[in-house]
Undergrad: 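One structure, as structure tokens, below. Some questions next.
Note that the coordinates shown come from a computational prediction; the quantities given were computed from them, not determined experimentally.
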Number of protein chains: 2
Amino acid sequence: MQQFVLDTSLFVNPDCRKQFGKTPYSSVSGFIKKAKTKKKKAEFYMPPIVFRELSHFTEKGSSRLSTVVKKRAPNLYGIYIPAAILYTFIDDVRMRVNKGLRLAEEFARDNKPDNRAKLNKLRAKYREAMRRGMVDSKEDLEVILLAYELGATIVTSDEGMVEMANKIGVEWIEAERFGALLKSI
Amino acid sequence: MQQFVLDTSLFVNPDCRKQFGKTPYSSVSGFIKKAKTKKKKAEFYMPPIVFRELSHFTEKGSSRLSTVVKKRAPNLYGIYIPAAILYTFIDDVRMRVNKGLRLAEEFARDNKPDNRAKLNKLRAKYREAMRRGMVDSKEDLEVILLAYELGATIVTSDEGMVEMANKIGVEWIEAERFGALLKSI
């Protein structure tokens, strides 16, 4: 029995969900149909807070999904991870925090009055500097830890998750390729 | 034999170092003198990168210190920590990153021309929002992990370190009180 832990990107990211449907809800429906045909060969999991995240995109989809995707959180207080994971994470955060300050300074120096354009640019750049390629939410970490605990495969299109999965020896598959993988099981 | 892992704050923070001397160098000297009298009762440790950090304040002091303070890094790849530590850390970082953006926006909106005053205020506020009360450097984390590994006591005045030490069950003593503790050993 193969086990998979799903990230919301599978149903939310347009490039990923198009394998199963056009909208978040229709991609959930499409996935459920295909998943049912693999009942004896594959198990699917999502932590409860990831179900909740998905429900912000499709409440009905998130609730229907629990018929084929198991709702299970990682055992946060029972799982131990190598200290090196936290170590490299703290170092990464520190460099990003410095970058964030340089950005904030750059925009504080700019006294031209078009605040709306300025703020939009600041937000885009700040997001890129602070969050891209980093595990930046409890939801992402729960997916990784649950897969680590179960020895399962992560299904995601998130760079930061893939990077941490590689550090901790967790198998993953690009969400974009999951439809094809599922077919082959 | 009691074991202590020292943070630089003991010699760098004026409120802490005054127990041993007025300047970073003289406080190192004063500490060495007292530490030698406890040779059979206490062992002192500092990770190599913390020695290096101290050398930015007193190169001579940092180098003399290695006669009484053992230079030893934590076994980063051998120590395992509860996943909950990383989990709460990531959640804390996320909230701080959002705060940092709100701050950057506030200063980007201010188009008054006194850039020097603006930047100073921005830096102070950003530092407070992003780093205060959080383990924000490899040096801090190595002190915590070494104490965790050895079952030793951390000597620090850093809030963020104390908070993480409490989460992971590591003993600590305020650097300000360490002179008095040393006397009583």
Undergrad: So which part of B:T88 gets closer than 4.5 Å to some heavy atom of chain A, the side chain, the backbone, both or neither?
TA: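 B:T88 has no heavy atom closer than 4.5 Å to chain A.
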Undergrad: Checking B:Y87 against chain A: side chain, backbone, both or neither under 4.5 Å from a heavy atom?
TA: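 Its backbone and side chain both get close to chain A.
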Undergrad: Can you measure from CG (A:L141) to CG (A:L76) and round to the nearest 0.5 angstrom?
TA: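 Here the interatomic distance stands at 7.5 Å.
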Undergrad: Side chain, backbone, both or neither: which part of B:K118 has a heavy atom under 4.5 Å from chain A?
TA: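 The answer is the side chain of B:K118.
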Undergrad: Under a 4.5 Å cutoff for heavy-atom pairs, which residue among A:L101, A:I85, A:I79 has the most contacts with chain B?
TA: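 Looking at each of A:L101, A:I85, A:I79 in turn, A:L101 comes out on top.
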Undergrad: Looking at B:P82, B:G78, B:G100, B:P113, which makes the most heavy-atom pairs under 4.5 Å with chain A?
TA: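 The candidate making the most pairs under 4.5 Å is B:P82.
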Undergrad: Go through the structure and list residues passing side chain to side chain donor-acceptor pair (under 3.5 Å) with B:E163, not counting sequence neighbours.
TA: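 Counting only residues at least two positions away or on another chain, B:E163 forms a side chain to side chain donor-acceptor pair (under 3.5 Å) with B:K167.
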Undergrad: Between B:N115 and chain A, with a heavy-atom cut-off of 4.5 Å, which part of the residue counts as in contact: side chain, backbone, both or neither?
TA: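 For B:N115, side-chain heavy atoms alone lie under 4.5 Å from chain A.
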Undergrad: By a 4.5 Å heavy-atom criterion (distance strictly below it), what part of B:I81 contacts chain A: side chain, backbone, both, or neither?
TA: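 For B:I81, heavy atoms of backbone and side chain both lie under 4.5 Å from chain A.
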Undergrad: Quick one: which of B:R116, B:R109, B:M134 has the most heavy-atom pairs under 4.5 Å with chain A, could you say?
TA: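 Looking at each of B:R116, B:R109, B:M134 in turn, B:R109 comes out on top.
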Undergrad: I would like to know whether A:R102 and A:E105 meet salt bridge (Lys or Arg N to Asp or Glu O under 4.0 Å); could you show each step before the answer?
TA: CA-CA 5 Å; A:R102 297 289 93 78; A:E105 287 172 348; 3.2 Å; yes
Undergrad: Taking the six-membered ring for Trp, are the ring centroids of B:Y126 and B:F107 within less than 6.0 Å of each other?
TA: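 No, the ring centres sit 6.0 Å or more apart.
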Undergrad: Roughly how far, to the nearest 0.5 Å, is the CE atom of A:M130 from the CZ atom of A:R127?
TA: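 One finds 12.5 Å between CZ of A:R127 and CE of A:M130.
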Undergrad: Please determine whether side chain to side chain contact (heavy atoms under 4.5 Å, CB included) holds for the pair B:Q2 and B:E171, giving the CA-CA distance in whole Å, both sets of side-chain angles, and the decisive distance to 0.1 Å.
TA: CA-CA 12 Å; B:Q2 287 191 52; B:E171 192 180 323; 5.6 Å; no
Undergrad: Indicate yes or no: at least one non-hydrogen side-chain atom of A:R131 is less than 4.5 angstrom from one of B:R94.
TA: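 Result yes, sub-4.5 Å side-chain heavy-atom pair found.
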Undergrad: Are B:K60 and B:V28 close enough that some pair of their side-chain heavy atoms sits under 4.5 Å apart?
TA: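 Answer no - side chains too far apart.
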Undergrad: What distance separates B:R17 CZ from B:K22 NZ, expressed to the nearest 0.5 Å?
TA: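 NZ of B:K22 is found 11.0 Å from CZ of B:R17.
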Undergrad: A cation-pi test, strictly: NZ or CZ of A:K34 under 6.0 Å from the centre of the six-membered ring of A:F20 and no more than 45 degrees from its axis. Yes or no?
TA: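 No, a cation-pi geometry is absent between A:K34 and A:F20.
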Undergrad: Considering heavy atoms only, which positions within residues 42-59 of chain B lie below 4.5 Å of chain A?
TA: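 Heavy-atom contacts from residues 42-59 of chain B to chain A are B:I49.
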Undergrad: Rounded to the nearest 0.5 Å, what separates atom CZ in B:F178 from atom CG in B:L6?
TA: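 Answer for the CZ-CG pair, B:F178 versus B:L6, is 5.5 Å.
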Undergrad: Between B:V93 and chain A, with a heavy-atom cut-off of 4.5 Å, which part of the residue counts as in contact: side chain, backbone, both or neither?
TA: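 Side chain only.
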Undergrad: Any luck finding a side-chain donor-acceptor pair between B:D7 and B:S9 under 3.5 Å?
TA: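 There is such a pair (donor and acceptor under 3.5 Å, judged by atom type) between the side chains of B:D7 and B:S9.
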Undergrad: Is it the backbone or the side chain of B:L86 that comes under 4.5 Å from a heavy atom of chain A, or both, or neither?
TA: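 Both backbone and side chain.
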Undergrad: So which of A:I90, A:L103, A:D110 has the largest heavy-atom pair count under 4.5 angstrom toward chain B?
TA: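 Between A:I90, A:L103, A:D110, the count favours A:I90.
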Undergrad: Once rounded to the nearest 0.5 Å, what's the spacing between atom NZ of B:K38 and atom OG of B:S184?
TA: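 Here the rounded value is 7.5 Å.
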Undergrad: What part of B:M95 lies closer than 4.5 angstrom to a heavy atom of chain A: side chain, backbone, both or neither?
TA: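 Neither the backbone nor the side chain of B:M95 comes within 4.5 Å of chain A.
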Undergrad: Under a 4.5 Å heavy-atom cut-off, does chain A meet the side chain of B:L145, its backbone, both or neither?
TA: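 Contact with chain A: side chain only.
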Undergrad: Which residue out of B:N75, B:D140, B:L119 racks up the most heavy-atom pairs below 4.5 Å with chain A?
TA: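 Top option by heavy-atom pairs under 4.5 Å: B:L119.
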